[in-house]
Amino acid sequence: MYALLKSLMLLAVLFSAVLGESVVAQDPKLKSLLQRSPAQANSIAYVHVPSLKKLMNDANMPSDLSDDLQEVWLISDLDPVRLRPRWEAGYATLNKSTDVDTLATSVGGYVDTIGNRQVVWSPRHSYLVPIDESRIGFLRPADRRLAAQWTESTEREIVSEYLVEQAKQHEQYLSLLVATDLENAFSPVTLAQRLAKFDTLKAYDTADVAATLASVRGISIIIGRRSLSECILSLEFGTSPEALKPIANELLNEILNRNGTAAPEVLTWQARVEGNKLSFQGPITADSLDGVLGIFSVRGQAESVADSLTQTTPTTTDVSPN
């Protein structure tokens, strides 16, 4: 339960060129990435950087988001306990154009070849590749076998129905989307033992609560393009969480506090239950947003590449004859 609820608050793709321009051209892009994943993925993410940066500025939040990064699409196999990606793959669109040699120089890496594709090895343990003038693919870690599987992969049947559903979100309305498939990730026995000490659940049968929480299908966090006060956190279960609605905010707050990830804003969020979905809506703070953005490294690497290209790209000055 710790990892599940911490991941609520905590919260790209290499070699898509190898797969052809259809990866970029198809909609939704995240579903296309899932279909061509080098291995089974349990998480997806999307960031529209200019929109998110504007919302942070409007809310007077500090922002280190790069001005040279436009969008990031990401798939990953996320360890739900350690909250670390086993691997990440994605692609980013930049405001700068680049080629394989310039990219290698900008990140302090070298040009390598996998199959018949030139790639860039990055000292940040990633492979990078220019897709076209403004798109760069990413794969982390820089595992040659995983990269080869990616380059050789063909469109496959997607196992995670939950991620397919989340990938249908319309990108033009999003600043941020993160979703993780958590089906069969948690034991009701282990959860019941941990929940027995919770003050919020003194009047509840912790075994029943644990059974509901362990039935979780997945979790998502969405921020639109109007305001950071409209952050939506959703959990989908195998059974109805209606019995938890009266204490939903307090339970979430206690779990976060007990695990050192306090987010007092959750007490102000509006909770509602629709069928088997429990959702919260309200403002997200700078610390919580930073955690969400930091859980996957590829977004940070995309920003680093964008900034490096800006620093290494020579500027052109018009010189008038005397």
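Starting from 1, each residue takes its place in the sequence as its number. FYI, side chains are in, hydrogens and waters are out, and symmetry mates aren't considered; it's all heavy atoms of this structure.
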Requested in this report: Quick one: list whatever passes ring pair (Phe, Tyr, Trp, His ring centres under 6.0 Å) with Tyr204, sequence neighbours left out.
Outcome: none
Query - Approximate separation, where rounding is to 0.5 Å, of Lys197 NZ and Leu195 CG - result: 11.5 Å
Query raised in the report: Would Gln70 and Asn95 satisfy side chain to side chain donor-acceptor pair (under 3.5 Å), going step by step from the backbone distance to the final call?
Result: CA-CA 7 Å; Gln70 284 291 316; Asn95 291 333; 3.0 Å; yes
**Report entry** Heavy-atom check, side chain of Leu182 versus side chain of Leu235, under 4.5 Å
**Finding:** no
Query raised in the report: Would Val209 end up clustered with Phe198 when hydrophobic side chains under 4.5 Å apart are linked, directly or stepwise?
Result: yes
Query - Considering all heavy atoms, the nearest Ala263-Leu256 contact - result: CB-CD1, 3.9 Å
Requested in this report: Flag the pair Trp87 / Asp143 as yes when at least one side-chain heavy-atom distance between them is below 4.5 Å, and no otherwise.
Outcome: no
Report task. State the CG-CD distance between Leu34 and Gln166, to the nearest 0.5 angstrom. Result -> 11.0 Å
Report task. Check whether more than 12 heavy atoms from other residues, nucleotides or ligands sit under 6.0 Å from atom CZ of Arg86, and answer yes or no. Result -> yes
**Report entry** Co-membership, hydrophobic cluster, residues Val107 and Val111, 4.5 Å side-chain
**Finding:** yes
Side-chain donor/acceptor pairs under 3.5 Å, residues 43-55, sequence neighbours excluded:
residue: Ser43; atom: OG; partner: Thr180; partner atom: OG1; Å: 3.0
residue: Tyr46; atom: OH; partner: Glu71; partner atom: OE2; Å: 2.4
residue: His48; atom: ND1; partner: Ser51; partner atom: N; Å: 3.4
residue: His48; atom: ND1; partner: Ser51; partner atom: OG; Å: 2.7
residue: Lys53; atom: NZ; partner: Leu65; partner atom: O; Å: 2.9
residue: Lys54; atom: NZ; partner: Asp58; partner atom: OD2; Å: 2.9

Report task. Taking all heavy atoms of Leu213 and all of Phe237, pick out the closest pair and write down the distance. Result -> CA-CE2, 3.8 Å
Requested in this report: Mind listing the closest non-hydrogen atom pair of Asn253 and Pro264 along with its distance?
Outcome: OD1-CA, 4.2 Å
Requested in this report: Sequence neighbours left out, what pairs pass ring-ring contact (aromatic ring centres under 6.0 Å, His included) with at least one residue falling in residues 97-119?
Outcome: Tyr110-Trp121
Query raised in the report: Is there side-chain contact between Glu171 and Lys29, with heavy atoms separated by less than 4.5 Å?
Result: yes
**Report entry** Criterion side chain to side chain contact (heavy atoms under 4.5 Å, CB included) on Thr113 and Val119, from CA distance to verdict
**Finding:** CA-CA 6 Å; Thr113 302; Val119 303; over 6 Å; no
Query raised in the report: Is there a donor-acceptor contact under 3.5 Å from the side chain of Asn276 to the main chain of Ser240?
Result: yes
Requested in this report: Might you work through the side chain to side chain contact (heavy atoms under 4.5 Å, CB included) test for Phe296 and Val178, ending with a clear yes or no?
Outcome: CA-CA 10 Å; Phe296 300 108; Val178 177; 3.9 Å; yes
Query raised in the report: Checking Arg135 side chain against Thr93 main chain: does a donor-acceptor pair fall under 3.5 Å?
Result: no
Query raised in the report: Same cluster for Leu228 and Ile232 if Ile/Leu/Val/Met/Phe/Trp/Tyr side chains link at under 4.5 Å?
Result: no
Report task. I would like to know whether Tyr162 and Glu236 meet side chain to side chain contact (heavy atoms under 4.5 Å, CB included); could you show each step before the answer? Result -> CA-CA 9 Å; Tyr162 175 77; Glu236 293 191 18; 3.8 Å; yes
Query raised in the report: Is any side-chain heavy atom of Arg140 closer than 4.5 Å to a side-chain heavy atom of Arg124?
Result: no
Requested in this report: State, yes or no, whether a side-chain contact exists between Leu30 and Leu163 at a heavy-atom distance under 4.5 Å.
Outcome: no
Query raised in the report: So how far is it from Trp269 CH2 to Leu233 CG, rounded to the nearest 0.5 Å?
Result: 5.5 Å
Requested in this report: Could you pull out the closest heavy-atom pair between Ala192 and Ala207, with the gap in Å?
Outcome: CB-CA, 4.3 Å
Query raised in the report: Distance-only, no hydrogens or angles: does the Glu254 side chain make a donor-acceptor pair with backbone N or O of Asp199 under 3.5 Å?
Result: yes
Query raised in the report: Does any non-hydrogen side-chain atom of Phe138 lie less than 4.5 Å from one of Ser126?
Result: no
Query raised in the report: Atom CG of Leu74 and atom CG of Leu177: how far apart are they, to the nearest 0.5 Å?
Result: 10.0 Å
Report task. Side-chain contact test, heavy atoms from C-beta onward, threshold under 4.5 Å: evaluate it for Ile221 versus Cys231 and give yes or no. Result -> yes
Report task. Ignoring hydrogens and angles, tell me if any N or O in the side chain of Ser215 forms a donor-acceptor pair with the backbone of Gly238 under 3.5 Å. Result -> yes
Query raised in the report: Would a distance-only check, ignoring hydrogens and angles, find a side-chain to backbone donor-acceptor pair under 3.5 Å from Asp112 to Ile114?
Result: no
Query raised in the report: Quick check: does any side chain N or O of Ser175 sit under 3.5 Å from a backbone N or O of Gly224, one acting as donor and the other as acceptor?
Result: yes
